[in-house]
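Quick notes on the structure that follows.
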Amino acid sequence: MLLEALRQAVQAILRNMLRSFLTVLGIVIGVAAVIAMLTVGQGSTTQVKSDVAKLGNNLLIVRPGQGGGPGVSAGTAPSLSERDAAAIEAEVPAVSTAAPLSAGSMAVVFGNQNHTTNVTGTDNRYLAATGWTMAKGRDFYDSDILSGAAVCILGETVRQALFGAGDPIGADIRFRQVSCRVVGLLAPKGASSFGTDQDDLVLMPLRAFQRRIAGNQEVATIFASVRDGQTTDKAKAAIEALMRERRHIGPGENDDFNVFDLKQIATMLTGISTVLTGLLSAVAGVSLLVGGIGIMNIMLVSVTERTREIGIRLAIGATEAQVLVQFLVEAVVLSLAGGVIGILTGLALGFTGSRILHVPFSPDPWVMLLAFGFSAAVGVIFGFFPARRAARLDPIEALRHQ
Amino acid sequence: MTDAAPPIAPPLIALTGIGRVYGTGEAEVQALRDITLSIRAGEFVAIMGPSGSGKSTAMNILGCLDTPTRGSYRFSGVEVGGLSRDQRALLRRHCLGFVFQGYNLLPRMSALENVELPLIYRGIARGERRELAREALTRVGLEGRTHHDPSELSGGQQQRVAIARAIVGRPDVILADEPTGNLDTARSREIMDLMTSLNREAGITILMVTHEPDMAEYAGRVVHFLDGRIARDGSGGADAA
């Protein structure tokens with residue numbers, strides 16, 4: 001009987017193809033929106049987590065100036081120095097290494113190719129702290145660091161821009177007035193959660209950068225790695241205490257530097273993406289509700305249009321339950337068809353969105369199952385009232401209906 | 001076979017003191033006042049009468065689509081007034097077949113599918129359903145028209161499909177409400193010949209409402225309604241004219 005009702009429902013739906021499609025459009029849009037949102041949301045959360053893990057899980061970033069995060073200007077606060085980094089490494093037991101770095105954006109040139117990138121002066125501790133590995137060549141020798149030798153390590157993007165398919169090791173590249181020997185190539189990391197290309201950089205010894213490019217002794221940032229087994233909170237507090245002392249900040253005065261825990265970024269970004277996903281899903285949920293009302297509306301129209309048919313069915317011996325099931329099944333088939341189309345559309349949108357945002361495409365089978373169940377529920381809930389109206393028709397009146 | 005069942009057979013249908021009132025108070029309408037009618041299995045009964053005489057109301061009650069306000073309706077000894085809506089649906093499904101003036105076929109469904117419809121509600125499997133529906137269509141002379149839509153069939157052919165739908169479940173009774181009302185004389189005669197043969201050969205009891213004396217002539221018995229009462233009840237043929 002149910003199979004029969006299913007067959008009849010499919011026939012009735014196909015008979016009115018355009019109308020059926022327009023009817024389920026609400027459900028399609030709702031489900032597609034939910035699936036696309038959650039897929040992209042899930043993908044960006046995964047991305048943020050893996051990015052932060054790539055940057056180094058237990059990393060504290062010390063910068064001059066108050067509060068904020070990366071990218072906030074240091075303002076007038078005195079800069080940091082190599083000695084600050086050394087002090088943190090020496091005096092904070094929870095910190096294993098503290099890498100100083102200084103950076104600037106400039107054009108780098110090789111032959112007739114040039115490319116504007118971020119040139120960072122630092123040392124091998126930075127490579128270790130932020131999880132860079134060498135694809136080719138070597139990292140810095142201690143002698144490079146101490147003497148500030150004109151050697152550099154390229155990111156993959158810079159290599160491509162300057163050398164195409166060629167091998168950069170041993171070549172001399174130029175930026176500002178400096179000629180610099182390429183000694184190493186970093187293994188690519190890809191795009192970060194912020195959409196920036198992490199491989200677009202050139203590294204050189206800190207002293208080489210300070211002396212030959214910046215022309216000062218300043219350090220812009222210190223990357224402090226927290227020892228395994230130590231909490232970043234504790235290390236952060238210790239660094240803050242040390243820096244206050246070194247920078248002569250009296251009790252009650254505000255810090256003129258800040259120590260940023262990378263995990264905060266992860267938490268913040270995850271939080272934002274959760275809130276956004278939630279909000280957008282709520283909007284999508286409203287769309288599903290509207291879609292359900294659309295189905296109810298069309299089913300009511302359909303019951304009115306088919307009053308005579310219902311009368312005939314009742315006259316030839318259909319019970320109330322059979323008519324109810326017939327219309328209910330039709331509503332459920334409609335909304336399920338909408339749900340399935342919506343899931344497929346949502347996956348396609350999610351895939352495209354993930355590509356655009358450079359996040360992994362991570363479809364969640366549970367979400368799809370939920371969407372499927374939800375559209376079935378919409379069909380049952382919004383189909384019930386019209387179906388009951390059909391089932392309760394008086395056969396005599398229904399047969400007389402024109 | 002004769003056109004009347006043996007006189008000792010108990011009545012298939014027994015109406016006793018049936019009244020049907022619509023509305024209440026000022027708007028009260030007495031559609032049926034006092035109908036007592038007994039029909040034996042195998043009879044072919046024509047019901048005649050002017051508009052508003054209560055013949056349609058009587059047909060609805062006989063067809064278990066409506067229930068009387070007072071009186072008793074026994075079908076095969078079962079008191080129909082005591083049945084629920086669904087029980088009456090089951091009675092219609094298994095014992096009654098309907099033929100309407102306007103055919104009442106489902107559009108956009110083939111003749112075969114229309115005839116199959118009552119069997120779907122009986123839960124008969126598709127293959128057997130097809131077979132029975134085809135047989136019924138052959139019985140009414142439409143074996144070549146099984147896959148046509150009602151809109152592709154003439155009025156007479158549509159009414160034959162409707163008759164096939166009525167007989168496919170092997171009912172005890174066919175209730176026909178002006179079955180020839182929309183047809184010309186020649187088509188009407190064909191339909192009446194078909195009904196007569198179903199009555200005589202398959203032994204199906206037929207109750208037919210008509211206001212055409214020519215059609216009533218086919219019946220073995222004619223019951224005249226007037227103002228919600230039976231005015232005359234006699235044998236068919238010349239008596240009806």
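What you are looking at is a predicted structure, and each value in this text was computed from that prediction instead of being measured. Lettering of chains follows the sequences in order, A, B, ..., and the numbering in each one begins at 1.
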Under 4.5 Å from any heavy atom of chain B, what part of [X] do you find: side chain, backbone, both or neither?
X        : result
A/Leu314 : both
A/Arg7   : side chain
A/Ala391 : backbone
A/Gln326 : side chain

Do [X] and [Y] make a side-chain contact, defined as non-hydrogen atoms from C-beta onward lying under 4.5 Å apart?
X        : Y        : answer
B/Asn182 : B/Gln158 : no
A/Arg355 : A/Thr352 : no
A/Ile35  : A/Leu347 : yes

Below 4.5 Å from any heavy atom of chain A, which atoms of [X] appear? Answer side chain, backbone, both or neither.
X        : answer
B/Glu113 : side chain
B/Arg108 : both
B/Arg88  : neither
B/Arg122 : neither

Residue, of [options], that accumulates the most heavy atom pairs under 4.5 Å with chain A:
options                     : value
B/Asp66, B/Leu117, B/Leu96  : B/Leu117
B/Gly102, B/Pro118, B/Gly97 : B/Pro118
B/Gln87, B/Arg126, B/Met109 : B/Arg126

**Item:** A/Phe372 atom CZ, neighbour heavy-atom count above 12 within 6.0 Å
**Value:** no

**Message:** Is it the case that the side chains of B/Glu135 and B/Thr138 hold a donor-acceptor pair, with the cut-off being a distance below 3.5 Å and no angle test?
**Reply:**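 Their side chains do not contain a donor-acceptor pair, so the 3.5 Å distance test is not met.
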
**Prompt:** If you measure only the distance, is there a donor-acceptor pair under 3.5 Å linking the side chains of B/Thr146 and B/Arg130?
**Reply:** no

**Prompt:** A/Arg15 and A/Glu309: salt bridge (Lys or Arg N to Asp or Glu O under 4.0 Å), yes or no, with the steps?
**Reply:** CA-CA 15 Å; A/Arg15 236 176 264 150; A/Glu309 172 191 330; 5.0 Å; no

**Asked** So A/Leu334 and A/Met299, side chain to side chain contact (heavy atoms under 4.5 Å, CB included) or not? Walk me through it.
**Response** CA-CA 10 Å; A/Leu334 259 184; A/Met299 288 308 294; 4.2 Å; yes

